[in-house]
Amino acid sequence: MLETDLASFDDLLIIGVEIINDLKVYDPSVLNPYNFMQISLLEFGLKRSPNNKTFLVWLIKLTSKLGLTSMVTDLSK
């Protein structure tokens, strides 16, 4: 990645997550490859930018759809 890409990495990651979310190929309430990609991207983004609330909100939204209540509780802390 170029230095300009690294400066806007958080924005690019959110755009990627939103595009994957709009695909609507599979049922969103079960773990499928698209949900897994979104969760993986968001967890990577949170490791890189732990104070980014957008990553956190998206991750809570996805994990709550999947019924992962203990993960939602941990993320909410």
Identify whether Ile19 and Tyr26 are in the same connected component of the hydrophobic contact network (ILVMFWY, side-chain heavy atoms under 4.5 Å). no

Hey, can you pull the donor-acceptor pairs under 3.5 Å for the side chains in residues 32-47, sequence neighbours left out?
{"residue": "Asn32", "atom": "OD1", "partner": "Tyr34", "partner atom": "N", "Å": "3.0"}
{"residue": "Asn32", "atom": "OD1", "partner": "Asn35", "partner atom": "N", "Å": "2.8"}
{"residue": "Asn32", "atom": "ND2", "partner": "Asp27", "partner atom": "O", "Å": "3.0"}
{"residue": "Asn32", "atom": "ND2", "partner": "Val30", "partner atom": "O", "Å": "3.3"}
{"residue": "Asn35", "atom": "ND2", "partner": "Pro28", "partner atom": "O", "Å": "3.3"}
{"residue": "Asn35", "atom": "ND2", "partner": "Val30", "partner atom": "O", "Å": "2.8"}
{"residue": "Gln38", "atom": "NE2", "partner": "Val17", "partner atom": "O", "Å": "2.9"}
{"residue": "Ser40", "atom": "OG", "partner": "Phe36", "partner atom": "O", "Å": "2.9"}

Please table the atom pairs, donor to acceptor, closer than 3.5 Å between any side-chain atom in residues 69-77 and protein atoms at least two apart or in another chain.
{"residue": "Thr73", "atom": "OG1", "partner": "Thr69", "partner atom": "O", "Å": "2.9"}
{"residue": "Ser76", "atom": "OG", "partner": "Val72", "partner atom": "O", "Å": "2.8"}

Interatomic spacing from CD1 in Ile14 to OG in Ser8 - rounded to 0.5 Å: 12.5 Å

Donor-acceptor pairs under 3.5 angstrom involving side-chain atoms of residues 52-67: please list them, not counting sequence neighbours.
{"residue": "Asn52", "atom": "OD1", "partner": "Thr54", "partner atom": "N", "Å": "2.9"}
{"residue": "Asn52", "atom": "OD1", "partner": "Phe55", "partner atom": "N", "Å": "3.3"}
{"residue": "Asn52", "atom": "ND2", "partner": "Asp10", "partner atom": "OD2", "Å": "3.4"}
{"residue": "Thr63", "atom": "OG1", "partner": "Leu59", "partner atom": "O", "Å": "2.8"}
{"residue": "Thr63", "atom": "OG1", "partner": "Ile60", "partner atom": "O", "Å": "3.2"}
{"residue": "Ser64", "atom": "OG", "partner": "Ile60", "partner atom": "O", "Å": "3.0"}
{"residue": "Ser64", "atom": "OG", "partner": "Lys61", "partner atom": "O", "Å": "2.9"}

